[in-house]
Amino acid sequence: MDFLIEGFYEGLLRVLTGDPEVWRAAGVTLQVSLWATLLASSLGLPAGYLLAVARFRGRGLVVGLLQSLLGFPTVVIGLLVYGLLSRRGPLGGMDLLFSPSAIVAGLCVLALPIAAVYGMTSVAGVDAGARETALTLGASAGRAAWTVFREARFGLMAAVLGAFGRVASEVGIAMMLGGNIEGHTRTLTTAIALESMKGEFGFGIALGMVLMSIMIAVSFLSRLLQRP
């Protein structure tokens with residue numbers, strides 16, 4: 001029990017004194033998570049809108065596939081993206097492996113179905129009359145989509161923040177594609193895994209405190225944005 005108390009004390013001290021290793025890992029975590037969320041949302045939310053309002057052959061298959069990807073093992077995503085980015089893979093010439101860009105690519109694949117499925121659900125919850133009315137009044141397809149997005153904004157914001165929370169707490173993809181290089185690709189989650197294995201429990205707790213603070217901030221922001 002003593003080592004837990006000592007570890008917590010050391011972790012709190014590292015956070016309060018601004019340990020540079022802790023904040024470097026936090027900076028990398030925020031950088032890759034924000035980019036992955038931005039890219040995944042840019043693709044996933046429009047896809048979710050189309051799946052909610054359009055009817056086409058194979059729609060059920062696409063929706064089922066996206067829903068299945070919500071529970072896809074992250075280590076498999078890391079393995080697939082690793083294969084694409086490795087020197088023998090089709091994208092190996094870009095030399096992205098073990099860089100923040102590689103982590104962003106893997107996390108984007110993880111977040112994309114989250115943004116698409118929850119975006120689709122949010123749009124489907126909007127009264128269909130809103131889009132039809134906009135089209136009847138002469139609005140373009142893009143303008144009508146914007147009208148629906150405004151009606152579904154709280155659900156869409158929750159989808160984006162949920163995707164961010166998922167990628168910020170992920171460890172397998174970051175470890176496989178980033179390589180856990182200090183000051184370059186080491187995130188909070190990979191640093192926690194490494195330091196815990198080295199017996200640096202206090203350091204791991206410091207990293208965990210920062211990660212939990214980010215998760216709590218995202219949760220409160222989500223609740224705040226959903227208030228009428």
Side-chain angles (χ1 to χ4, degrees), residues 21-48 51 62-120 156 158-197 204 207-208 210-212 214-215 217-218 222:
E21 290 186 49
V22 173
W23 294 109
R24 272 198 295 269
V28 174
T29 300
L30 289 173
Q31 177 191 355
V32 297
S33 299
L34 287 171
W35 273 111
T37 304
L38 178 63
L39 292 173
S41 300
S42 300
L43 298 171
L45 295 183
L51 290 170
V62 175
V63 172
L65 181 61
L66 286 172
Q67 290 175 334
S68 300
L69 290 176
L70 290 175
F72 209 62
T74 58
V75 68
V76 177
I77 294 175
L79 182 63
L80 293 174
V81 178
Y82 184 95
L84 292 172
L85 299 180
S86 67
R87 292 192 180 279
R88 292 183 296 174
L91 302 178
M94 299 175 71
D95 198 24
L96 294 178
L97 206 56
F98 305 128
S99 71
S101 298
I103 302 176
V104 170
L107 294 180
C108 183
V109 174
L110 175 66
L112 183 58
I114 298 174
V117 171
Y118 289 104
M120 178 186 67
L156 296 177
V160 173
L161 292 174
F164 176 82
R166 183 71 180 88
V167 299
S169 59
E170 205 289 324
V171 59
I173 292 174
M175 187 79 79
M176 292 182 70
L177 301 176
N180 200 24
I181 304 169
E182 184 179 351
H184 185 52
T185 60
R186 181 173 296 175
T187 65
L188 288 169
T189 53
T190 58
I192 289 172
L194 176 69
E195 298 302 330
S196 299
M197 287 189 289
L207 295 161
V210 176
L211 181 60
M212 286 301 299
I214 294 174
M215 293 297 104
V218 170
S222 177

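For reference, positions follow the sequence shown, starting with 1. Computation of the quantities below employed the complete heavy-atom set of this structure, encompassing side-chain atoms and omitting hydrogens, waters and symmetry-equivalent molecules.
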Using a cut-off of 6.0 Å, state whether more than 12 heavy atoms not belonging to M215 lie near its atom CE.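 Counting neighbours around CE of M215, more than 12 heavy atoms of other residues, nucleotides or ligands fall under 6.0 Å, so yes.
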Within a radius of less than 6.0 Å around CZ of F98, do more than 12 heavy atoms belonging to other residues, nucleotides or ligands occur?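 Yes - once you tally the heavy atoms of other residues, nucleotides and ligands closer than 6.0 Å, there are more than 12.
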Identify the two heavy atoms, one from [X] and one from [Y], that lie closest to each other, and give their separation to 0.1 Å.
X: A36; Y: C108; result: CB-N, 3.8 Å
X: S41; Y: V160; result: OG-CG2, 3.6 Å
X: N180; Y: A191; result: OD1-N, 4.1 Å
X: Y118; Y: L70; result: CE1-CD2, 4.5 Å
X: G178; Y: T185; result: O-OG1, 2.6 Å
X: M120; Y: L51; result: SD-CB, 3.7 Å

So, [X] side chain and [Y] main chain: donor-acceptor pair closer than 3.5 Å or not?
X: S196; Y: A193; answer: no
X: E170; Y: I173; answer: yes
X: Q31; Y: S33; answer: no
X: T29; Y: A168; answer: no
X: T190; Y: R186; answer: no

With side chains defined as the heavy atoms from C-beta onward, is the minimum distance between I214 and L188 less than 4.5 Å?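 They are in side-chain contact.
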To the nearest 0.5 Å, tell me how far [X] [atom1] sits from [Y] [atom2].
X: T187; Y: L107; atom1: OG1; atom2: CG; result: 8.5 Å
X: L207; Y: M212; atom1: CG; atom2: CE; result: 13.5 Å
X: T74; Y: R166; atom1: OG1; atom2: CZ; result: 6.0 Å
X: I114; Y: L69; atom1: CD1; atom2: CG; result: 10.5 Å
X: I77; Y: L177; atom1: CD1; atom2: CG; result: 10.0 Å
X: R87; Y: L97; atom1: CZ; atom2: CG; result: 8.5 Å

Testing L38, L45, L39 for side-chain contact (heavy atoms from CB on, under 4.5 Å) with S42, which one passes?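 With S42 as partner, side-chain contact (heavy atoms from CB on, under 4.5 Å) holds for just one option, L38.
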Under the criterion side-chain contact (heavy atoms from CB on, under 4.5 Å), I'd like the reasoning laid out for V210 against W23: C-alpha separation, chi angles, the key distance, then a yes or no. CA-CA 8 Å; V210 176; W23 294 109; 4.0 Å; yes
Give the C-alpha distance, both sets of side-chain angles, the deciding distance and a yes or no for side-chain contact (heavy atoms from CB on, under 4.5 Å) between L30 and W35. CA-CA 8 Å; L30 289 173; W35 273 111; over 6 Å; no
Could you give me the CA-CA distance, side-chain angles and deciding distance for V28 and H184, then say whether side-chain contact (heavy atoms from CB on, under 4.5 Å) is met? CA-CA 7 Å; V28 174; H184 185 52; over 6 Å; no
